[in-house]
**Student:** 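What follows is a structure written as structure tokens; I'll ask about it next.
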Number of protein chains: 2
Amino acid sequence: MRIGELARRSRLTGHTIRYYERIGLLPFVGRDASGHRDYDASILTWIGFLDRLKTTGMPIRTMLEYAALRQARPATAPDRRLLLERHRVQVRAHVAALREALTVLDTKIAGYADTTEGMNDDDGPAEPDDGKPLRARRPRAR
Amino acid sequence: MRIGELARRSRLTGHTIRYYERIGLLPFVGRDASGHRDYDASILTWIGFLDRLKTTGMPIRTMLEYAALRQARPATAPDRRLLLERHRVQVRAHVAALREALTVLDTKIAGYADTTEGMNDDDGPAEPDDGKPLRARRPRAR
DNA sequence: GCTTGACTTCGAGCACGCTCGAAGTCGTAG
DNA sequence: CTACGACTTCGAGCGTGCTCGAAGTCAAGC
């Protein structure tokens, strides 16, 4: 399979596939007689998994770690497992945050419920402020 | 309240607060005698709401739309409602995608379950490929 | 009077994840 | 022989959302 077909089937662009190869997310695949990338269908499984990881917000840098462990073949399984487990914790937290935010959204929308008549134009009362932070600050690693 | 205190209480940085004001996400607030921004505690409610929207992945550009409707005071309530409802649809879809990806993650991790002994080093069999796309392609508007 | 620290404005820079175009090669169809 | 379309490499550019530093002002405490 050449890059064009893989692009169609993976719903990535050729450009993105080459980019992924460049950064090491996709293996450096062999070229055919004309110098074109020649993919095995099994690559779709890997891309599919990467896509899931992407969906869950895993940064490329972490996918690279995982990919590297996979490359460094044998017994890196425990490391990979740990990596995924750690990520799962974050995803679950993210889902929880989303669900909470969704209920806020629901409430807000409900507040606009009959507002065709112009009520509730104030986006809710100012909450009594307890001085507590709105959410945890996450300083960025540098 | 000056910007420092607001920063602490909102868990934003002063820089970010000024940035938000610059782009119109926060109102242009009055300055005190020394030229310092002077905030009312009610701003925390707005920032808190923005934070929820951010959590749900709403792009700033959309928050700006909402903010603009809020400014353009009276009867924009139906528009704001519509905006939030549309966003809610997307958030729900995102949550669904996350949950699905989570089960994939669960399966993967389960596959590594007893891999302390070195089994399952292959990240799963290549799926029989049906030629169907992995997920919908979303061309970017330009 | 001087230092300190919290603020001000302004504009540049950064991290991330692509996205795209230029210029060239290759193989097949007409 | 030519045109085409699909590919190749390379490197620059972009959209998003901050992040940061420089240079200056101001008020309070010593």
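Labels below follow one simple rule: chain letters A, B, ... track the order of the sequence lines, proteins then strands, and each chain is numbered from 1.
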**Student:** Say whether, by atom type as modelled, one donor and one acceptor occur between the side chain of A/W46 and the main chain of A/P27 under 3.5 angstrom.
**Tutor:**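 Such a contact is absent between A/W46 side chain and A/P27 backbone.
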
**Student:** For A/R61, report the nucleic acid contact type (base, sugar-phosphate, nothing); a contact means any heavy atom under 4.0 Å.
**Tutor:** sugar-phosphate

**Student:** Round to a whole Å and report the spacing from CG of B/D38 to P of C/dT8.
**Tutor:**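 Answer to the nearest Å: 10 Å.
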
**Student:** Just how far, in rounded Å, is P of D/dT8 from CZ of A/F28?
**Tutor:**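 Atom-to-atom, A/F28 to D/dT8, this comes out as 10 Å.
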
**Student:** Between D/dC7, C/dA12, D/dG21, which one does the side chain of B/H15 approach most closely?
**Tutor:** D/dG21

**Student:** Should A/K54 be listed as having a side-chain N or O under 4.0 Å from OP1 or OP2 of C/dC18?
**Tutor:** yes

**Student:** Is the phosphate of C/dT8 approached by B/R18 (side-chain N or O, under 4.0 Å from OP1 or OP2)?
**Tutor:** yes

**Student:** Does the side chain of A/R2 pick up a donor-acceptor pair with the side chain of A/Y39 at under 3.5 Å?
**Tutor:**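 Looking only at side-chain atoms, A/Y39 and A/R2 do not form any donor-acceptor pair under 3.5 Å.
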
**Student:** Inspect the contact between B/R52 and A/E100 and indicate whether a charged nitrogen and a carboxylate oxygen are less than 4.0 angstrom apart.
**Tutor:** yes

**Student:** Find every protein N or O atom lying less than 3.5 Å from an N or O atom of nucleotides 27-30 of chain D, and list the pairs.
**Tutor:**
none

**Student:** Measure CG/A/D32 against C1'/D/dT8 and give the value in whole Å, please.
**Tutor:** 11 Å

**Student:** Below 4.0 angstrom from OP1 or OP2 of D/dC20, is there any side-chain N or O of B/Y19?
**Tutor:** no

**Student:** For B/E5, is there an ion pair with B/R37 - N to carboxylate O distance below 4.0 angstrom?
**Tutor:**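 Salt bridge absent between B/R37 and B/E5.
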
**Student:** Write down the distance between CD1 (A/I23) and P (D/dT9), rounded to a whole number of angstrom.
**Tutor:** 16 Å

**Student:** Measure from the side-chain heavy atoms of B/R22 and tell me the nearest of D/dG17, C/dA12, C/dC18.
**Tutor:**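 Minimum distance to the B/R22 side chain belongs to C/dA12.
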
**Student:** Whether A/R31 contacts D/dT9 is assessed here as follows: a side-chain N or O lying under 4.0 Å from the phosphate OP1 or OP2. Is that the case?
**Tutor:** yes

**Student:** Output the rounded distance in Å from CD (B/E21) to P (D/dT19).
**Tutor:**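 That distance rounds to 17 Å.
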
**Student:** Look at B/Y20 and D/dC18 and indicate whether a side-chain polar atom (N or O) is within less than 4.0 Å of OP1 or OP2.
**Tutor:** yes

**Student:** Check B/D106 with A/R88, please: is the shortest side-chain N to carboxylate O separation under 4.0 Å?
**Tutor:** yes

**Student:** If the cut-off is 4.0 Å, is B/R37 near the phosphate of C/dT9, judged by side-chain N/O to OP1 or OP2?
**Tutor:**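 True: B/R37 side-chain N/O within range (under 4.0 Å) of C/dT9 OP1/OP2.
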
**Student:** Measure from the side-chain heavy atoms of A/H36 and tell me the nearest of D/dT19, D/dA6, C/dC7.
**Tutor:**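 Comparing D/dT19, D/dA6, C/dC7 against the side chain of A/H36, the answer is D/dA6.
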
**Student:** Would you call A/E85 and A/R81 a salt bridge, using N to O less than 4.0 angstrom?
**Tutor:** yes

**Student:** Of the non-hydrogen atoms in B/G14 and B/A7, which two are nearest, and what is the gap between them?
**Tutor:**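 Of all heavy-atom pairs spanning B/G14 and B/A7, the closest is N-CB, 3.9 Å.
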
